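Here's the structure, in C-alpha cells; my notes come after.
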Amino acid sequence: MQADRVVEALRRHVFQPGEDVAKRFAEPERVTVLSTTQALYEAEPAGWRIGTAAWVDSAVRVARDSSLENFVATYGFVFSRDGGALFLNDAAAIRELGRGLGAGLDPLAYAELLAELYSGQRIDDPVVFSFAATAGFRPGWLIADVEEFLRKHPSVDPSLVSPPRASQEGGVSRIDFLSHNYYLVEFGAAIDIYRWTVTAPAGQPASWVREPVAQRLTLPPS
C-alpha cells in the first residue's frame, strides 16, 4: 500500500471543501492514519479478491471516523499497476468495472465489493456511502460460504441463505449472491440479509438489483 497514493485519492474523491491533512502516521504496507480538520481516516490493505487481479497493484479500505457524526463511513480504492485509481464508492466506476465480467474478472471479487461497499440503505446515488457499526468493523459481507456464515450466526434460519452462483447465457454474465450487514441496536446488534442479481451483457457496464431477504435479525449476546 503506497500511502501517497491513498492520500491523493482521498483528497480527490472524499475530502470535503476546506478539508486537508493535519497529521499523518504511516507504517509501510500496513496502515496509514490521517488526521484532518474534520475527521480521522484509517487506511489499510483490504484483502479483497480483486487485489489478486493481474492489473491491480493494491486494494485499500479506508474508514472515516468523525466525532461530529454518529457513524463510521467506509471507502474503497483499487490502485492499478499503470498508476490509475478506482474509487469503488462511485457507482458509475464500479458499473464500468463490471464490463470485465465474462472477460476475466472473478465474479466473486465483484460481488464482494458490492456486498461491502453497497451495504447501506441507499445504493443508487452517484456516490454510495456505507456505514460500519464501529471503527475497524466492515459495513457488509459477501455470504460466500454458507456453512461458515451459519457457524458465526447460528440463530439465522438456514433456509434464508444460499451460496453465490455465477452464470453466462446469451452473452450476458450474471451473478446471484447474498450479502449481510451488521449494526448496533438499542440492546445489542442485528443483521440484514440481501439478495443480489448482477447482470452484464458482453462488453457493457454491469447493473444490479438488491432485495431484502430478512431485516433486523437480532443477534444473541456473544
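What you are looking at is a predicted structure, and each value in this text was computed from that prediction instead of being measured.
With ring centers used as reference points, Phe177 lies 6.0 Å or more from Tyr194. A distance below 6.0 Å separates the ring centres of Tyr118 and Trp208.
Residues Ala63 and Val72 approach most closely at CB-CG1, 3.9 Å, considering heavy atoms. Of all heavy-atom pairs between Gly51 and Val56, the closest is CA-CG1, 3.9 Å. Residues Leu178 and Ser162 share a closest heavy-atom pair of CD1-N, 3.2 Å. The minimum heavy-atom distance between Leu10 and Val62, with the atom names listed, is CD2-CG1, 4.0 Å. In terms of heavy-atom proximity, Leu150 sits nearest to Val156 at CD2-O, 3.9 Å. Between Pro139 and Asn181, the shortest heavy-atom contact is O-CB, 3.2 Å.
Looking at Phe15 and Asp20, their side chains come closer than 4.5 Å, going by heavy atoms from C-beta outward. Side-chain contact between Leu86 and Glu96: absent, with no pair of heavy atoms (C-beta onward) separated by less than 4.5 Å. Inter-residue side-chain proximity for Val161 and Phe149 is flagged as met; some heavy-atom pair is nearer than 4.5 Å. Side-chain contact between Trp48 and Leu108: absent, with no pair of heavy atoms (C-beta onward) separated by less than 4.5 Å. With contacts defined as side-chain heavy-atom distances shorter than 4.5 Å, the pair Tyr182/Leu219 qualifies. In this structure, Ser179 and Leu142 have side chains that are not in contact, with every pair of non-hydrogen atoms separated by 4.5 Å or more. Between Arg11 and Val21, some side-chain heavy-atom pair lies under the 4.5 Å cut-off. Using a 4.5 Å cut-off on side-chain heavy atoms (C-beta onward), Val7 and Arg24 make contact.
In this model, no donor atom of one side chain and acceptor atom of the other lie less than 3.5 Å apart for Glu112 and Trp141. For the 3.5 Å distance criterion, the side chains of Glu19 and Thr37 fail to qualify, holding no donor opposite an acceptor.
Residue Tyr110 is grouped with residue Leu88 when hydrophobic side chains (ILVMFWY) are merged at heavy-atom distances under 4.5 angstrom, including chains of intermediate members. Hydrophobic clustering, with ILVMFWY side chains joined whenever heavy atoms are under 4.5 angstrom apart, keeps Phe131 apart from Tyr183. Note on Val213 and Ile123: separate hydrophobic clusters, where clusters join Ile, Leu, Val, Met, Phe, Trp and Tyr whose side-chain heavy atoms are under 4.5 Å apart, directly or indirectly. By the criterion of side-chain heavy atoms lying less than 4.5 angstrom apart, applied directly or through intervening Ile, Leu, Val, Met, Phe, Trp or Tyr residues, Val6 is grouped together with Val127 in one hydrophobic cluster. No continuous path of ILVMFWY side-chain contacts below 4.5 Å connects Val146 to Ile175, so the two sit in separate hydrophobic clusters.
Ring geometry for His153 versus His180: interplanar angle over 60°, hence perpendicular rather than tilted (30 to 60°). Note: Phe77 and Phe87 have parallel aromatic rings, judged against thresholds of 30 and 60 degrees for the angle between ring planes.
To the nearest 0.5 Å, atom OG1 of residue Thr32 and atom CD of residue Glu44 are 10.5 Å apart. Annotation: the span from Leu217 atom CG to Leu160 atom CG amounts to 7.0 Å, rounded to 0.5 Å. Note that the CG atom of Leu40 and the OG1 atom of Thr36 stand 8.0 Å from one another [nearest 0.5 Å]. In this structure, the separation between CG on Leu105 and CZ on Arg49 is 12.0 Å, given to the nearest 0.5 Å. One distance of note links CG of Asn89 with CG of Asp125; it measures 11.5 Å at 0.5 Å rounding.
Between Asp192 and Arg216 there is no salt bridge, since none of the side-chain N atoms of the basic residue sits less than 4.0 Å from a carboxylate O of the acidic one. Residues Arg61 and Glu116 are paired through a salt bridge, judged by an N-O separation under 4.0 Å between the basic side chain and the carboxylate. Using a 4.0 Å cut-off between charged side-chain N and carboxylate O, Arg5 and Glu8 make no salt bridge.
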Task: salt bridge (charged side-chain N to carboxylate O under 4.0 Å, His left out) between Asp90 and Arg95, intermediate numbers included - done: CA-CA 9 Å; Asp90 182 332; Arg95 288 191 182 100; over 6 Å; no
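In terms of the side chain to side chain contact (heavy atoms under 4.5 Å, CB included) criterion, residue partners of Glu211 (sequence neighbours excluded) are, by chain and number, Val209.
More than 12 heavy atoms of other residues, nucleotides or ligands sit less than 6.0 Å from atom CZ of Arg210.
Residue pairs meeting the salt bridge (charged side-chain N to carboxylate O under 4.0 Å, His left out) criterion with at least one partner in residues 175-185, sequence neighbours excluded, are Arg165-Asp176, Arg174-Asp176.
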